[in-house]
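Side-chain atoms are counted along with the backbone in the values below, which use heavy atoms only and exclude waters and symmetry mates.
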Amino acid sequence: MEKLVINGNKKLSGCLKLHGAKNSVLPILCATVLVKGVCVIHNCPDLTDVDVTVNILKHLGAGVYRYGDTIVVDSRNITSSNILQEYMSELRSSIIFLGALASRTGEACLYLPGGCDIGLRPIDLHLKGLKSLGYNVFTNGYDVCAVKENTVGTEIVLPFPSVGATENIILASVFVKGKTTIINSAKEPEIADLCDFLNKAGAKISGASTHTIEIIGVDSLHSVEHTVIPDRILASTMISACCACKGKIVLEGVNISHLMPTKAVFGEMGCEFGSKDDRITVSVKRRISRVRLIETMAYPGFPTDCQAPVMAALSVAHGTSIVKENIFENRFRHVEQLNHFGADIAVNDRLAIINGVPELHCANAKCTDLRGGAAVVICALAAYGESEITDINHIDRGYEKIENQLTKLGAEIKRV
């Protein structure tokens, strides 16, 4: 079993180029199912979630080849419309294959998906969206199935701007005759990246990055080449590490506008920024300040994926900070692990109260989920002494060899 060994309490200094966004590359890879041609996708990070998605594509009959950070998908010969438990149980976002596969083949059956245990994340919005389009959606044991019957464009109102439901409805609508309108759609940059990919392939989608997305159905999609946007969650994670450890780091390949929801919080903590083109310089010269209140919200609000790493940084801030988690009901599982390092964090339902402490000590801790695992690593980086972090398979789902990235920023960390 692999683990991370971290010799902490080192100021960070160095330069890191961001890899592609996990939350963008997964739906784009899924969308290749719709293309009867060859897709060339650049800036694909080496993540276990990407590996699972690639295995699903191969299972469906696609040819998939990786060359460095470029993945080539030949989906001309999709032969299967079923995805088995062994793939679905590893990856929650795999549910969006339902819309893409049913749209391409006329039917799809997927084992109910798995992923991080951070909350219920029901798929009812996905299924209602497909039903509204005319798909026959039903469950068969542990499988959820969709059959394309009398589909027609329609207006779909989401009660919550769900990223996954928005993606699934978009993928299910690309070949549906007429106009489909998604009202209260998710506005995340990753949604816009998916729409950009599809439009390059011949789709007719407008309104990405707004609360109303319109899809005009087309007959087919053609081969396409696309570059995935940089990972804004990775950027915020590295800035959180710099806040916890102090120092000065440079991040390259950044879309600075994507960082606006977190940049204001980091500024309140005392972080200084400089930016030019796609580079951002982060400087933390002294112990950071508390943040009165952080509430996770749909984009352009504060991202739930950044909550845990920022909480780790606030554990060594001056004063008391409050974090309210509004997206997932079970996303404070990492708190117990952070407290192993001497952090003083109390949880009451969806509120976490972080009483900043002057310093942290080394500890043996485990990763509870993807972003919670990043938070544990950040506490270990800030702590005095040598810490060991286990269950790092969670981190590998969304960070490409995190030890190599942090080493470039001056951390003493190794995988053993």
Quiz item: Do S289 and H318 get their side chains close enough for a donor-acceptor pair, meaning under 3.5 Å?
Solution: no
Quiz item: Would I170 and I191 count as a side chain to side chain contact (heavy atoms under 4.5 Å, CB included) if you check the C-alpha gap in whole Å, the side-chain angles of each, and the deciding distance to 0.1 Å?
Solution: CA-CA 9 Å; I170 289 171; I191 297 286; 4.3 Å; yes
Is [X] reaching over with its side chain to a backbone N or O of [Y], donor-acceptor style, under 3.5 angstrom?
X	Y	result
E295	K324	no
R104	S75	yes
N326	T296	yes
Q337	K366	yes
S387	A363	yes
T181	E155	no
N255	S257	yes
E359	H361	no

Quiz item: Taking the SG atom of each, are C271 and C243 under 2.5 Å apart?
Solution: no
Self-check item: Matching residue for E252 among K276, R279, K408 - test: salt bridge (Lys or Arg N to Asp or Glu O under 4.0 Å)
Solution: R279
Could you pull out the closest heavy-atom pair between [X] and [Y], with the gap in Å?
X	Y	answer
S173	L133	OG-CD1, 3.4 Å
S185	I213	OG-CG1, 3.4 Å
H19	N43	C-OD1, 4.0 Å
L34	F175	O-CZ, 3.4 Å
P309	T237	CG-OG1, 3.9 Å
V25	C44	CG2-SG, 3.7 Å

Quiz item: Looking at residues at least two apart in the chain, or sitting in another chain, which of them share a ring pair (Phe, Tyr, Trp, His ring centres under 6.0 Å) with Y299?
Solution: none
Self-check item: Set of residues satisfying ring pair (Phe, Tyr, Trp, His ring centres under 6.0 Å) with respect to H59, sequence neighbours excluded
Solution: Y87
Practice problem: Using a strict 4.0 Å threshold on nitrogen-to-oxygen distance, state whether E268 and R292 make a salt bridge. | Solution: no
Are [X] and [Y] packed together at the side-chain level, in the sense that at least one heavy-atom pair is separated by less than 4.5 angstrom?
X	Y	answer
F97	L57	yes
V282	F273	yes
Y135	L127	no

Quiz item: Looking at R331, M311, Q307, which one forms a side-chain contact (heavy atoms from CB on, under 4.5 Å) with R371?
Solution: R331
Quiz item: Among I378, I345, D344, whose side-chain contact (heavy atoms from CB on, under 4.5 Å) with L338 holds?
Solution: I345
Practice problem: Evaluate the criterion side chain to side chain contact (heavy atoms under 4.5 Å, CB included) for residue pair T48 and R397; output intermediate values, then yes/no. | Solution: CA-CA 5 Å; T48 55; R397 292 185 50 237; 3.4 Å; yes
